[in-house]
Number of protein chains: 2
Amino acid sequence: MKPGNIQITTPSPVRAELAHKFANWQTRKPDGFVCPVRDALDRIGDKWTMLVLIALADASMRFSELHRAVPNISKRMLTQTLRELERDGLVLRRVFPTKPPSVEYELTDLGCTLFEPVGTLVRWVEQSHGPIQAARQRFDAAAPSARGGQVILATDKQ
Amino acid sequence: MKPGNIQITTPSPVRAELAHKFANWQTRKPDGFVCPVRDALDRIGDKWTMLVLIALADASMRFSELHRAVPNISKRMLTQTLRELERDGLVLRRVFPTKPPSVEYELTDLGCTLFEPVGTLVRWVEQSHGPIQAARQRFDAAAPSARGGQVILATDKQ
DNA sequence: CAGCATCCAGTATGATACTG
DNA sequence: CAGTATCATACTGGATGCTG
């Protein structure tokens, strides 16, 4: 096929699987193209959803507990995020008609299943954090002017 | 503590692990709070990164091949996405000084490692797609006016 | 071919104030 | 307490035109 003598040696079977699925998603519809990955990322990829979910991993919580547990989230965003999660059946909302009212949020079974993929993702980040940082430094150091970065070019060039 | 007699029965160990980590991320810094999950989602959670990555799972590709392979992406976004990936060391960019120039993109070893978490995520989406759809329909059908949805209120009361 | 620069619109999020 | 409503803004991404 192509010159295979590069240092790409990962024989991951997942890779082929993904490539195949990707092809399928494409050939479906010439205009629509709804890919499950995009679908997933639209759901959990926003700024707060994962944080709320993980906060709820510990225990079910009331609104204001969550508000305290998730750093810097606004009530507006917390409400919105919880509504989405409730709508998707990942979180259960239970209202207790006390006075003043109290509301508890907890993960559903479906919501709990999210922890497998998320756990995998977290482990990946923890492992690749170092290499990525290194790669960035290399990149930023190597091509300062090539990308319009505001760098003070001295007389020397790397 | 709280009424625990609900149908939440998942005994996932990952759950406790995540909860614990979350607590750690929080107690770190009162202001910063950089959570690896957010970090990861910032990296792969945007509109195109995953698509490009998966497109490259099949084989290394030239710029215009990618442009064709990823549906509806603009050159602007493709370039931008590839730069980020290159910077993070997930993708390797190789320029061939032909005329006109040609550039090949391929996954690095580090980039390939992403397929494990992503594969897990994809599998999760495929499995939970049905339940989520169902939950949504239930939710939307059950509480049309309760969520500020634009429902036609006969008496015009708000 | 493989980009980059510019402009612009839509959306995601934040700040603030008000309510049952 | 647990939200809702409104306004302000920052950022993302799309369209377009220009280059070597």
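Within every chain, numbering begins at 1; the chains are lettered A, B, ... in the order of the sequence lines, protein sequences first and strands thereafter.
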How bent is the helix from C/dC1-D/dG20 to C/dG20-D/dC1, comparing axes over its five end pairs at each side, to the nearest 10°? 40°
Whole angstrom is fine here: how far is it from NE2 in A/H67 over to P in D/dG3? 12 Å
Rounded to the nearest Å, what distance is computed from the CD atom of residue A/E104 to the P atom of nucleotide D/dA2? 9 Å
Other residues, nucleotides, ligands: >12 heavy atoms within 6.0 Å of A/E116 CD: no
With a 4.0 Å limit, can you tell me whether A/R93 has a side-chain N or O closer than that to the phosphate oxygens OP1/OP2 of D/dA2? no
Measure the distance from CZ on A/R94 to P on D/dA2 and round it to the nearest whole Å. 14 Å
Looking at A/S102, does any N or O in its side chain come under 4.0 Å of the phosphate oxygens OP1/OP2 on D/dC1? no
Once the angle between the rings of A/H67 and A/F63 is folded into 0 to 90°, is it parallel (under 30°), tilted (30 to 60°) or perpendicular (over 60°)? tilted
So CH2 of B/W48 and OG1 of B/T81: to nearest 0.5 Å the spacing works out to 8.5 Å
Can you check the B/E84 CD to D/dT12 P distance for me, whole Å? 10 Å
Can you tell me how far CG of A/L121 sits from CD1 of B/I44, rounded to the nearest 0.5 angstrom? 5.0 Å
Distance in angstrom units between A/E65 CD and D/dA2 P, rounded: 8 Å
Would B/V95 end up clustered with B/L78 when hydrophobic side chains under 4.5 Å apart are linked, directly or stepwise? yes
Between A/K21 and B/E126, does at least one N-O distance fall below 4.0 Å, as a salt bridge requires? yes
Base versus backbone protein contacts along nucleotides 13-20 of chain C [heavy-atom cut-off under 4.0 Å; B, S, -]: BBB----B
Considering only D/dG3, C/dA2, D/dC1, which nucleotide approaches the side chain of A/F63 most closely? D/dG3
Does the side chain of B/L53 come within less than 4.5 Å of B/V118's, by heavy atoms? no
Is any side-chain heavy atom of B/L51 less than 4.5 Å from a side-chain heavy atom of A/F22? yes
Which whole-number value in Å describes the distance from B/L78 CG to C/dA5 C1'? 17 Å
Test your reading of the model: is there a side-chain donor-acceptor pair from B/R94 to the backbone of B/E104, 3.5 Å cut-off? no
Ignoring backbone atoms, test whether A/Y105 places a side-chain nitrogen or oxygen under 4.0 Å from the OP1 or OP2 oxygen of D/dG3. yes
